[in-house]
Amino acid sequence: MALENKLGLTSSADLAREEERISKKKAAELFGDGVLDKLEPGKFSSLQAIHKYLFEEIYDFAGKIRTVNLAKGNFRFAPLMYLETALGNIDKMPQSTFDEIVEKYVEMNIAHPFREGNGRSMRIWLDLMFKAELYKVVDWSKVDKEDYLLAMERSPIKDIEIKYLLKNALTDDINSREVYMKGIDHSYYYEGYTTFKTEELL
Ligand SMILES: Nc1ncnc2c1ncn2[C@@H]1O[C@H](COP(=O)(O)OP(=O)(O)O)[C@@H](O)[C@H]1O
Ligand SMILES: [Mg+2]
C-alpha cells in the first residue's frame, strides 16, 4: 500500500514514480527561484520550508512534523515525545566549521522530522550551511550510496565515517544546478532496498 497522498494513488509503484517526477521538478524550480537565498541556514524553519516546497503537491504532511514514530533498519528515529525539544536544540547547535555542520546534519537525521522525504530536503538544507559558512557544497555524485547509508546508520554512534565521505565530496561549484540536483537523485538509488524501508512503529 502507498502512503496516503494528494494524487489519489494507491499503488506504491505509481506513487514512487509520480513522487520522483514532481519532487524533482519542484527541486529544480526551488533552485531557480531565489527562495533558498532567503532561508536562514541551519534552522528547522528553513528545512520545513524546503520540505513544504518539494512535497506540497503530493502530501498533506509537507512541511509538517510527523505524527508517527519511525524507524529504518534497526534504528528508531527520535520518539515523537522528544521530537520538538530535539528540533529546538538542533536550531541552537553551532555551524561555523565543517565538523559542526556535519554534526548538525547527523542530529537532524536522528530527529527525522518528516514522515517521508527527510533525505532529499536535508541535503538541500545541509548545502545551505556549507555554502554560507565554507563557500562549498556537496557533490553527491562523489558519495557512494552504500557507503553513505552505512555511514548514516553508524552516525548516531560515531560520525567519523560520514565526515570522511562528505569532506571528500565538497566542491567549490556552489552555483551549479547539476551538482545541486545530485543531492535529490541520491535518494532514488535506495528504492527497493528493503533494509531501508520505512516501518511504522505506532
Ligand atoms: N538505518 C538508518 N539509520 C540512520 N539513518 C538512516 C538509516 N537509513 C536511512 N537513514 C537516513 O534516512 C534518509 C532517508 O530518509 P527519508 O525520509 O526516506 O528521505 P528520502 O525519501 O528523501 O530519501 C537517508 O538519506 C539517511 O540519511
Ligand atoms: Mg524515503
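For ligands, and for the atoms within them, numbers begin at 1 and follow the listed sequence. Side chains included, hydrogens not; waters and symmetry mates left out as well; all remaining heavy atoms used.
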Checking heavy atoms under 4.0 Å, the part of N118 that sits near ligand 1 is both
Could you tell me if any non-hydrogen atom of M122 lies under 4.0 Å from any atom of ligand 1?
no
One finds that the ligand 1 atoms under 4.0 Å from a non-hydrogen atom of F77 are 4 (C), 5 (N), 6 (C)
For E116, the N, O or S atom at the shortest distance from the Mg ion (ligand 2) is OE2
message: Is there a polar contact between ligand 1 and G117, counting only N or O atoms under 3.5 Å apart?
response: yes
Looking only at heavy atoms, the pair that brings D91 and K43 closest together is O-NZ, 3.2 Å
Do any nitrogen or oxygen atoms of E116 come within less than 3.5 Å of a nitrogen or oxygen of ligand 1? yes
Looking at K131, I'd like to know if its NZ atom is crowded, meaning that more than 12 non-hydrogen atoms belonging to other residues, nucleotides or ligands lie closer than 6.0 Å. yes
For S187, the ligand 1 atoms with a heavy-atom partner under 4.0 Å come out as 20 (P), 22 (O), 23 (O)
Is any side-chain N of the basic residue among E107 and K104 closer than 4.0 Å to the acidic one's carboxylate O?
-> no
All heavy atoms of L83 vs all of A78, minimum pair found to be CD1-CB, 4.2 Å
Does ligand 1 have an atom that lies less than 4.0 angstrom from a heavy atom of R123?
yes
ask   = Taking the six-membered ring of F55, is the NZ or CZ of K26 close enough (under 6.0 Å from the centre) and on axis enough (within 45°)?
value = no
Quick note on ligand 1: atoms under 4.0 Å from a heavy atom of L149 include exactly 9 (C)
Among E19, H112, K145, R120, the residue with a heavy atom nearest to atom 15 (O) of ligand 1 is H112
_For the residue pair S96 / E100, report whether a side-chain donor-acceptor contact shorter than 3.5 Å exists._
yes
Smallest heavy-atom separation, K24 atom then I184 atom, equals CG-CG2, 3.9 Å
Correct closest heavy-atom pair for M108 and P113 would be O-CD, 3.8 Å
Out of F75, Y105, Y148, the nearest non-hydrogen contact to atom 26 (C) of ligand 1 is supplied by Y148
Answer yes or no: does an N/O atom from S121 fall short of 3.5 Å to an N/O atom of ligand 1?
no
Is the closest heavy-atom distance from F114 to ligand 1 below 4.0 Å?
no
> Does atom NZ of K142 have more than 12 heavy-atom neighbours, drawn from other residues, nucleotides or ligands, at distances under 6.0 Å?
Replying inline: yes
